[in-house]
Structure formats: structure tokens, C-alpha cells
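Notes for the one structure printed next.
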Number of protein chains: 2
Amino acid sequence: MTTARPRGRPRNYDPEQVLESALRAFWKGGYSGTSLDTLAAATGLNRPSLYAGLGDKRTIYIKAMRRFQDYAREHFGAALQARPEDTSFVDVVARYLHAAINVDGPHESIGVSGCAVISTATAEALTDPEIRQVLDNVLEEMDHQLLARLREAQAQGELPPNTDIEAMGFLLSSTAHSIGIRSRAGHTKRDMEKMVDSLARALCPVK
Amino acid sequence: MTTARPRGRPRNYDPEQVLESALRAFWKGGYSGTSLDTLAAATGLNRPSLYAGLGDKRTIYIKAMRRFQDYAREHFGAALQARPEDTSFVDVVARYLHAAINVDGPHESIGVSGCAVISTATAEALTDPEIRQVLDNVLEEMDHQLLARLREAQAQGELPPNTDIEAMGFLLSSTAHSIGIRSRAGHTKRDMEKMVDSLARALCPVK
DNA sequence: ATTATTTTGTACCGTTTCGCATAAAAAGCG
DNA sequence: CGCTTTTTATGCGAAACGGTACAAAATAAT
């Protein structure tokens, strides 16, 4: 059984795929630097279809950023999950940093690098309150996701009771932000992978 | 004695002041988001004078970013200088973080916030190799400035011999990067000032 | 005073930008 | 088969964009 076909002419595109293409276009060229023509070429749609399907440029951008945020949340969440083979919380921190490299580092296959939101929303944040809010929401969610896990770790005894959870969370999220910026500047995965273990040890009060 | 006047009609503006105004315009609106008209209005010059005096848009942008880089280098350098009242290296680290807040945090008087380069060059980095290089140069200089000071500290016994200097430098510069991003997202100086001491302690192996 | 030189300001050029109006196309419904 | 509904595609239009031509203005040199 298939869902009942809607009334008129059927859509000629997959909305998910179009949003993903739009994300990649903005990810590469930024908000102001990506025109509707570029967006149309990237998605395969023409401008009126784009507009009818996703809204105006700003709306498409914000939807694309939300999509990236979903993707990032998922990966960071998975990295923070405890695993049987973890010998200390250093392993969890290292996994988080690897996730940051995978999420915010170079994506060779699609020719982009950096956190899509941080790399593009910062430029607009002071002139567009809604985009600033998207950026702030991403930062806040990253901090929150980390702090929740760090508190749990402290409660479970994975981290010493005197650990400054807030400072540690700030440093971890900051490192993730910076990994995105560094890769945007051309740094490779290998450049950053080789730092992960020493960073994890330096970040973790558990020696 | 004054310098011999050049031949033709004298300039009606101070090049330093114009470049500073251009910096503030790009700082606020980003590269793609700032038009030559906006730039002309901000500097008080008209477009032809701007072009004759500073070059085309990209050239003006790059000169403005270099100006910001000079400003940042100076402040970070001053913060890293040893002071008689320092009781431990934690004080130096805290001073560096305060400098990051002053340089990359909100500048209420001129209505901008964030590191001018990171906040605006990241959006262009993947499509403009020269701008990417400006960004990379800033990141590299921050790391270099920090590492030089950390090595010195280790040599002077301010830091334990087993300190992982590279990791510590990476974390410190990353924190500075992130402070710029957070303030771009709307975080206030006070939000971040209140974290400085705990961050400095968490970053410093000297407890 | 005249000339040479440089800066200034208006006005313009061709292109790009975003958004939409409008008609053709593709489907279901009666 | 017509009729309605929805999507597609061409293409328009007003505005904004980066850049420059050109003449007027301001100064030094002769």
C-alpha cells in the first residue's frame, strides 16, 4: 500500500535531497556568498520551485543549518556514549574530539570543511538577529550536551568529584569550535588527529 | 619642518582612519555582506576615491584584516609578558584569556563583536584562496605566539618539564577562537569573564 | 598666469541579485 | 473527456552590485 497521491502534478524532486544539496552549497559559499542561482544549480531545481518548496533564501539557509545541527547532534551524542572498552574518561573525551574532526573537519568527498553553522553564520550574526539565534542555539546545544555527559560522568565516578565540570565543558566545546575553524583554514584531518590523544589527556583531570 | 607636499590635489582623508572604518564595516557585515556603497558610507569616501586609495573590495578587505591582526598580535603579546606580581603561570593564562575577551569579545563602543578575521573569513575561505590564507596566517600566528611563550615558561620553570606544551597551546588558542564565536553569538563580556579563572586553572598543569 | 599633477564627485555601464508573474505541464477527479 | 489542482519552466523587472569614465577642483611647479 502506498500513500494516497496528492491532487496535482507530482513533485519532481526529493525534498530531503534538495535540502542536503542546499546545505552543501551554503556550507561551501556562506550565506551572502551563495546566490539563488548557485542554489538552484546545486539542487537541480529552478528558482520558482525552490521558492515554492523551501521558501526564500533566508528560510532555506536556516532550514539547512538546522539540518546540519541535527547531523552534528547525532554524531556528538554517539561519541559521548559510554562503551565497555573505555578504560577511563580520557577515552570518551578522545572520542568526542574524533567526532569533532569528523563533523567539523574536512569532508573530502563533498569538498567542504568546517562547521557549517559556525563557518557561515558568524559573518551574518551581527546584521541578522535570526541567524545569530541559530548560531547561539548551536553553541548552547553543544555546551548542554557536553555538560549533561560530564555531570553524569562525575556522578558515576568517571571524573573526580572536585572536577570543574563547567570549565571542562567550555574547553571541550571550544576545542570543537576551533577544529572547525582550523579545518576551514586548510588544516587536514591528519594534522588534527595527531593532536587528539594529547589534547584528551590535557583536558582530563584523570591522569 | 613638514614633509614636502606631494604634487597635485591633497588627499581629503586620513588613510589610517579610512582603513579603520573599513575594518569596522567588514567586521560587522562580513566580506560578501558588505557592499562598496556601505564601505563608502562608513569611510566617508566615495567609491572612486576608495578604489584609488585602497584598491578593489578584496584588497581593502585583506588590508583591513591585516590591520586587525596587528591589533590582536599587540594585545596578546602584551598579555603574555611576565609581570612581577605573577604568582604562578595561571596568572599569565588568565591574562591571555582576558585579552581574548577584550580583542575578540564585544566592542560595545563600535557595535561589533567576535574576531574580525575568524568571524568573516571563514565564510569565504573555501571559495577564495587568498582569504583562506589570511585566515590560516592568523591562526598560525596565534599558535606560534603562544607556543613561544609556553616554551619559555617551561624553560624558566614556570611550567613543569613534563607539560605537553603543544596540547596546552592548542587548547589556549582554541579557547580564544571560541571566545570570539561565542561573543558573535551574543554572549557578553561578563558571561565570559566569570569563566576566566576556572578556565585558567583547568588549562594550567600547575595547580 | 599657465601648466602639470593628483584627488574628488557625479554619473554611468554591464552584470548579478532576488523575487515573482505567468503560462505550460502533469497529475487526480467527476 | 473536461475541470481542478499542483508543480515546473521561461522569463521579466526593479534593485543592488562592483567598477570606471570623465570632468571639476585643488594644489605644486614653471
Side-chain angles (χ1 to χ4, degrees), chain A residues 1-19 21-23 25-26 28-65 120 123-124 127-128 130-131, chain B residues 1-19 21-23 25-26 28-65 120-121 123-124 127-131:
Chain A
M1 165 247 173
T2 65
T3 324
R5 274 277 196 85
R7 196 82 149 67
R9 177 173 177 170
R11 260 199 211 97
N12 203 13
Y13 59 87
D14 171 12
E16 286 295 309
Q17 215 168 336
V18 165
L19 191 56
S21 302
L23 166 58
F26 281 127
K28 184 170 195 174
Y31 175 70
S32 293
T34 302
S35 71
L36 284 185
D37 276 333
T38 304
L39 223 48
T43 57
L45 274 63
N46 40 36
R47 283 205 302 287
S49 291
L50 249 183
Y51 186 83
L54 294 177
D56 67 4
K57 188 182 170 182
R58 254 175 43 117
T59 305
I60 300 175
Y61 173 75
I62 290 173
K63 285 178 179 168
M65 293 304 107
T120 65
E124 319 293 331
T127 52
D128 191 319
E130 204 173 343
I131 294 183
Chain B
M1 165 245 173
T2 66
T3 324
R5 274 278 196 83
R7 196 84 149 63
R9 176 172 180 171
R11 258 197 213 98
N12 204 12
Y13 59 86
D14 171 12
E16 286 295 310
Q17 215 167 335
V18 164
L19 191 55
S21 302
L23 166 57
F26 281 127
K28 184 170 195 176
Y31 175 71
S32 294
T34 303
S35 71
L36 284 185
D37 277 332
T38 305
L39 223 49
T43 58
L45 275 62
N46 40 38
R47 284 205 303 285
S49 292
L50 250 183
Y51 187 84
L54 294 177
D56 67 4
K57 187 182 170 183
R58 254 174 45 117
T59 305
I60 301 174
Y61 173 75
I62 290 173
K63 285 178 178 167
M65 293 303 107
T120 65
E124 319 293 331
T127 52
D128 191 318
E130 205 172 341
I131 295 183

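Treat the numbers as computed from the prediction; the structure is a model and nothing was measured. Heavy-atom basis, side chains included; hydrogens, waters and symmetry copies ignored.
In this structure, CG on B/Leu54 lies 5.0 Å from NZ on B/Lys63, to the nearest 0.5 angstrom.
Remark: A/Asn46 is not in phosphate contact with D/dT8, judged by side-chain N or O atoms under 4.0 Å from OP1 or OP2. Proximity of A/Tyr51 to the phosphate of C/dC18: no side-chain N or O atom is located under 4.0 Å from OP1 or OP2. Put simply, A/Arg47 has no side-chain N or O that comes within less than 4.0 Å of OP1 or OP2 on C/dG19. A sub-4.0 Å separation between OP1 or OP2 of C/dT8 and a side-chain N or O of B/Ser49 is present.
Per the geometry, CZ belonging to A/Arg9 stands 8 Å off C1' belonging to D/dA9, to the nearest Å. The nearest whole Å value for the distance from the CG atom in B/Asp37 to the C1' atom in D/dA15 is 12 Å. Between the CG atom of B/Leu36 and the C1' atom of D/dT20 there is a distance of 12 Å, rounded to whole Å. Put simply, CG on A/Leu50 is 11 Å from P on C/dC18, counting in whole angstrom units. In this entry the distance linking CG of A/Asp14 with P of D/dT8 reads 12 Å, nearest Å. Taking atom CG on A/Leu45 and atom P on D/dA9, their separation rounds to 8 Å, with Å as the unit.
Tested against A/Ser21 for a side chain to side chain contact (heavy atoms under 4.5 Å, CB included), the candidates A/Leu39, A/Asp14, A/Leu45, A/Thr43 yield a single pass: A/Thr43. Each of B/Ile131, B/Leu23, B/Ile60 was checked for a side chain to side chain contact (heavy atoms under 4.5 Å, CB included) with B/Met65, and the lone residue meeting it is B/Leu23.
In summary, the side chains of A/Tyr13 and A/Ser49 do not present any donor paired with an acceptor at a separation below 3.5 Å, with no hydrogens or angles considered.
Nearest-nucleotide assignment on DNA chain D puts the 5′-proximal partner with A/Ala52, out of B/Tyr31 and A/Ala52. With the nearest nucleotide of DNA chain C identified for both A/Arg58 and B/Arg11, B/Arg11 has the one nearer the 5' end.
Here the side chain of A/Ser35 is nearest to one of C/dC18, C/dA21, C/dG9, namely C/dC18.
The base of C/dA27 is not paired with the side chain of A/Arg7 by any donor and acceptor separated by under 3.5 Å.
Under the 3.5 Å distance criterion, the side-chain polar atoms of B/Tyr61 are matched with a main-chain donor or acceptor of B/Ala121.
Contact annotation for B/Thr34: backbone-only contact, meaning every heavy-atom pair under 4.0 Å involves sugar-phosphate atoms and none involves a base. Residue A/Pro10 is in sugar-phosphate contact alone, with no base atom involved, counting any heavy-atom pair closer than 4.0 Å across all strands shown.
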